[in-house]
Amino acid sequence: MMYQLCPSILSADFNRLGEQIKILEEEGIEWLHIDVMDGDFVPSISFGMPVIKSIRKESKLFFDVHLMVTEPERYIRDFVDCGADSITVHAEACEDLERTIEQIREAGVKVGVSIKPATPVNDISHMLEDVDMVLVMTVQPGFGGQKYMEECTEKIQELRDLIQDEDLNVDIQVDGGINDETMETVLKAGANLVVAGSYVFKDDLVSGVRHAKKRMNEVIREID
């Protein structure tokens, strides 16, 4: 199974964004998690296509774009053109989730579907064979620095069981409340892609990345 630490630039210092992305690359990070929020699907507003386009010019990282926006199907092509390598949409935000997934696939990038903490796995279980990744939100989407919601652990386990039972090649990503303790919780439950915001960016970035990677590798060794 492929494991990745996916730092979220939502927690970055935007005055030093280019510099911090370069540090992530130098520290061996491969995936960059990019949260796009519209102020409608979630209360907050983050950033959009111009920011992604500008950092794409300077980075070879895998751009993991998470659209927390209403009717994301309106913007699929725009985000691909800006440099997205993967687009994740919320099941709760799409008028026609099946068609939106088809649009992402047709645009030539990896497909992700996300569910909020209150959304049951059963709502998207029939679509697992059509996606590359499921993102389980382990906090309420829209704000950084929230506490991990323990009830989400069971959802991660349920998803991993379904994926294994159906012999599918689908990643499980988690986003929200990651720290030393919850890193172990989500990996042992079956996640293999871990989004980290303040856990990585809160103090010195180099130290934060190294600490998070070290903790992740410790847990992976226990699993193996």
Side-chain angles (χ1 to χ4, degrees), residues 1-10 29-38 41-42 46-49 51-53 55-56 59-117 119-138 141 152 155-156 158-176 186 190-195:
M1 188 183 298
M2 172 197 71
Y3 291 92
Q4 294 283 354
L5 178 68
C6 313
S8 169
I9 62 169
L10 194 63
I29 293 298
E30 297 178 23
W31 281 46
L32 192 69
H33 190 76
I34 303 174
D35 288 307
V36 177
M37 302 186 290
D38 65 353
F41 179 68
V42 293
S46 60
F47 43 77
M49 301 157 218
V51 170
I52 297 172
K53 187 175 183 179
I55 61 176
R56 177 80 284 174
S59 177
K60 296 180 180 179
L61 292 176
F62 184 92
F63 279 16
D64 166 31
V65 177
H66 175 199
L67 299 183
M68 289 181 271
V69 304
T70 301
E71 297 178 25
E73 60 272 14
R74 297 175 291 167
Y75 307 111
I76 301 302
R77 173 49 60 185
D78 292 326
F79 279 104
V80 171
D81 290 344
C82 286
D85 294 300
S86 173
I87 293 180
T88 298
V89 296
H90 271 267
E92 308 91 351
C94 300
E95 288 191 0
D96 186 339
L97 180 58
E98 289 85 354
R99 178 57 190 145
T100 302
I101 287 172
E102 287 177 6
Q103 284 181 257
I104 300 172
R105 184 72 68 198
E106 290 167 0
V109 298
K110 287 187 175 293
V111 182
V113 61
S114 181
I115 51 176
K116 295 161 72 172
T119 302
V121 169
N122 190 54
D123 281 12
I124 52 106
S125 59
H126 63 291
M127 306 190 66
L128 290 177
E129 63 183 16
D130 300 318
V131 302
D132 299 298
M133 175 178 74
V134 177
L135 167 55
V136 178
M137 291 299 301
T138 49
C152 296
K155 292 170 67 174
I156 300 168
E158 182 182 355
L159 262 172
R160 180 53 65 194
D161 288 343
L162 284 170
I163 290 166
Q164 290 179 337
D165 289 346
E166 297 180 31
D167 196 25
L168 299 173
N169 183 24
V170 179
D171 294 313
I172 298 177
Q173 186 177 63
V174 295
D175 185 356
V186 300
N192 63 299
L193 304 175
V194 181
V195 176

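Index from 1, following the sequence.
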A side-chain contact here means heavy atoms from C-beta on lying under 4.5 Å apart; do [X] and [Y] qualify?
X    : Y    : result
L97  : V89  : yes
M133 : K110 : no
F63  : I55  : yes

Can you name the nearest heavy-atom pair linking [X] to [Y], along with the distance?
X   : Y    : value
C82 : M49  : SG-CB, 3.3 Å
C6  : Q173 : SG-NE2, 3.7 Å
A84 : V109 : O-CG1, 3.3 Å
F47 : V51  : CB-CG2, 3.8 Å
M68 : P141 : SD-CB, 3.5 Å
I87 : I76  : CD1-O, 3.8 Å

Quiz item: Any luck finding a side-chain donor-acceptor pair between D171 and Q4 under 3.5 Å?
Solution: no
Quiz item: Does one side chain, of D35 or H33, offer a donor that lies under 3.5 Å from an acceptor on the other?
Solution: yes
Quiz item: Does a side-chain N-to-carboxylate-O contact under 4.0 Å join D85 and R56?
Solution: yes
Quiz item: Are any of the side-chain nitrogens in E102 or R99 under 4.0 Å away from the carboxylate oxygens of its partner?
Solution: yes
Self-check item: Pair V134-V170, side chain to side chain contact (heavy atoms under 4.5 Å, CB included): steps then yes or no
Solution: CA-CA 7 Å; V134 177; V170 179; 4.2 Å; yes
[X] side, atom [atom1]; [Y] side, atom [atom2] - distance, nearest 0.5 Å:
X    : Y    : atom1 : atom2 : result
I172 : R160 : CD1   : CZ    : 4.0 Å
D132 : T88  : CG    : OG1   : 9.5 Å
S59  : I29  : OG    : CD1   : 11.5 Å
T100 : E73  : OG1   : CD    : 4.0 Å
D64  : L135 : CG    : CG    : 8.0 Å
D123 : I115 : CG    : CD1   : 8.0 Å

Self-check item: Audit row: L128, L159, side chain to side chain contact (heavy atoms under 4.5 Å, CB included) steps and yes/no
Solution: CA-CA 9 Å; L128 290 177; L159 262 172; 3.9 Å; yes
Quiz item: Of the options D81, D78, I34, I9, which is the one that meets I52 in a side-chain contact (heavy atoms from CB on, under 4.5 Å)?
Solution: I34
Quiz item: Around atom CG of D165, are there more than 12 heavy atoms of other residues, nucleotides or ligands at under 6.0 Å?
Solution: yes
Quiz item: Is there a donor-acceptor pair closer than 3.5 Å between any side-chain N or O of K155 and the backbone N or O of T119?
Solution: yes
Practice problem: Evaluate the criterion side chain to side chain contact (heavy atoms under 4.5 Å, CB included) for residue pair T138 and V136; output intermediate values, then yes/no. | Solution: CA-CA 6 Å; T138 49; V136 178; 4.3 Å; yes
Quiz item: Can you list the steps and then say if Y75 with V36 is a side chain to side chain contact (heavy atoms under 4.5 Å, CB included)?
Solution: CA-CA 11 Å; Y75 307 111; V36 177; over 6 Å; no
